[in-house]
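Chain A is the first sequence line, chain B the second, and so forth, proteins listed ahead of strands; every chain is numbered from 1.
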Amino acid sequence: AQKITQTQPGMFVQEKEAVTLDCTYDTSDPSYGLFWYKQPSSGEMIFLIYQGSYDQQNATEGRYSLNFQKARKSANLVISASQLGDSAMYFCAMREGGWSFGNEKLTFGTGTRLTIIP
Amino acid sequence: AAGVIQSPRHLIKEKRETATLKCYPIPRHDTVYWYQQGPGQDPQFLISFYEKMQSDKGSIPDRFSAQQFSDYHSELNMSSLELGDSALYFCASSLGPREAKNIQYFGAGTRLSVL
């Protein structure tokens with residue numbers, strides 16, 4: 001079974017609108033971390049936001065917020081007031097378990113290509 | 001702020017040749033990770049190092065080897081290159097167990113083309 005599922009291969013959003021990128025995950029480990037990364041066409045992978053499984057509040061970083069619904073195993077990324085520079089591929093990723101030797105890898109979803117329309 | 005430095009940024013090799021990719025982590029980061037991203041694919045974990053010891057291993061071919069040096073930089077060595085090795089190779093670094101979040105920060109990647 002896929003550990004990270006991103007069901008939106010592509011999205012088109014008008015500039016200045018808010019956008020929600022979906023991510024669902026599958027794990028039986030009670031301790032895990034969820035990450036969102038942005039990959040512009042230039043190729044680099046940029047960290048956006050982190051949510052820990054035990055965090056009581058949804059994470060926020062500037063225009064980015066994470067809508068964490070633990071019971072539904074979803075971790076959607078919300079970008080407010082979208083800008084042209086937000087056009088990129090967005091990946092949701094998970095690390096299962098807390099940090100431990102031999103348990104650090106990130107598992108990525110297939111990504112969502114977001115295009116902001118002027 | 002200093003970021004993860006990868007070199008070279010682009011590399012073109014022939015089949016059966018060898019390649020060495022280098023990664024310089026963010027200062028104070030002692031954990032390094034390597035990922036491979038094929039065209040149109042999501043990144044796949046290859047291998048990681050913590051304090052110069054291999055700490056986790058993913059689907060890394062036997063033709064590939066890696067190590068982390070005393071200054072914490074890491075090198076990924078790839079031998080007998082195949083066409084299917086053409087990909088974007090990322091290095092990431094983190095504070096490892098010293099940070100509960102253990103956020104991995106990625107370099108810009110090395111784009112390897114095997115002809």
Side-chain angles (χ1 to χ4, degrees), chain A residues 2-10 21 23 25 31-57 59 61 64 66 68 88-113, chain B residues 1 3-6 8-10 23 26 29-60 68 87-113:
Chain A
Q2 284 282 84
K3 287 189 178 288
I4 296 286
T5 302
Q6 295 181 253
T7 57
Q8 307 152 309
L21 304 181
C23 172
Y25 59 92
S31 176
Y32 52 88
L34 297 159
F35 304 77
W36 277 92
Y37 287 87
K38 172 184 178 182
Q39 187 174 38
S41 56
S42 49
E44 69 266 36
M45 193 73 75
I46 302 166
F47 166 74
L48 295 178
I49 197 166
Y50 165 87
Q51 181 83 43
S53 59
Y54 295 119
D55 293 343
Q56 294 296 312
Q57 297 196 332
E61 291 281 353
Y64 304 108
L66 202 151
F68 181 46
M89 181 73 90
Y90 288 81
F91 287 98
C92 179
M94 176 173 66
R95 183 194 64 245
E96 294 181 88
W99 192 96
S100 65
F101 210 75
N103 184 36
E104 309 151 37
K105 63 178 176 290
L106 293 179
T107 301
F108 287 81
T110 51
T112 295
R113 183 168 298 282
Chain B
V4 177
I5 306 296
Q6 290 188 246
R9 292 293 313 279
H10 301 274
C23 170
I26 293 170
H29 283 195
D30 50 19
T31 308
V32 169
Y33 314 80
W34 287 96
Y35 291 84
Q36 177 192 58
Q37 185 180 28
Q41 306 286 317
D42 52 287
Q44 297 292 315
F45 172 75
L46 293 177
I47 196 166
S48 61
F49 293 88
Y50 167 62
E51 280 291 342
K52 292 151 280 184
M53 294 198 321
Q54 181 184 308
S55 56
D56 199 359
K57 193 172 179 180
S59 48
I60 182 169
Q68 186 180 33
L88 185 57
Y89 289 84
F90 285 109
C91 172
S93 74
S94 77
L95 287 169
R98 290 182 286 132
E99 181 196 49
K101 297 179 181 181
N102 193 26
I103 295 168
Q104 295 182 25
Y105 295 92
F106 285 69
T110 294
R111 190 169 296 280
L112 172 67
S113 298

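- In terms of heavy-atom proximity, A:F91 sits nearest to B:P43 at CE2-CD, 4.1 Å.
- In this structure, CD1 in B:I103 is found 3.5 Å from CZ in A:F47, a value given to the nearest 0.5 Å.
- Considering B:F45, B:F49, B:Y33 as possible partners of A:E104, the one that fulfils the side-chain contact (heavy atoms from CB on, under 4.5 Å) test is B:Y33.
- Heavy atoms of B:L88 lying under 4.5 Å from chain A belong exclusively to its side chain.
- Contact annotation for B:Q41: only backbone heavy atoms (N, CA, C, O) come within less than 4.5 Å of a heavy atom of chain A.
- Atom NZ of B:K101 sits in a sparse spot, with 12 or fewer heavy atoms from other residues, nucleotides or ligands closer than 6.0 Å.
- The structure places OG of B:S55 at 10.5 Å from NZ of A:K105, a figure rounded to the nearest 0.5 Å.
- Distance check: B:F90 CZ to A:L106 CG gives 12.5 Å after rounding to the nearest 0.5 Å.
- The stretch residues 34-44 of chain A places A:F35, A:Y37, A:Q39, A:G43, A:E44 near chain B, each with some heavy atom under 4.5 Å from a heavy atom of that chain.
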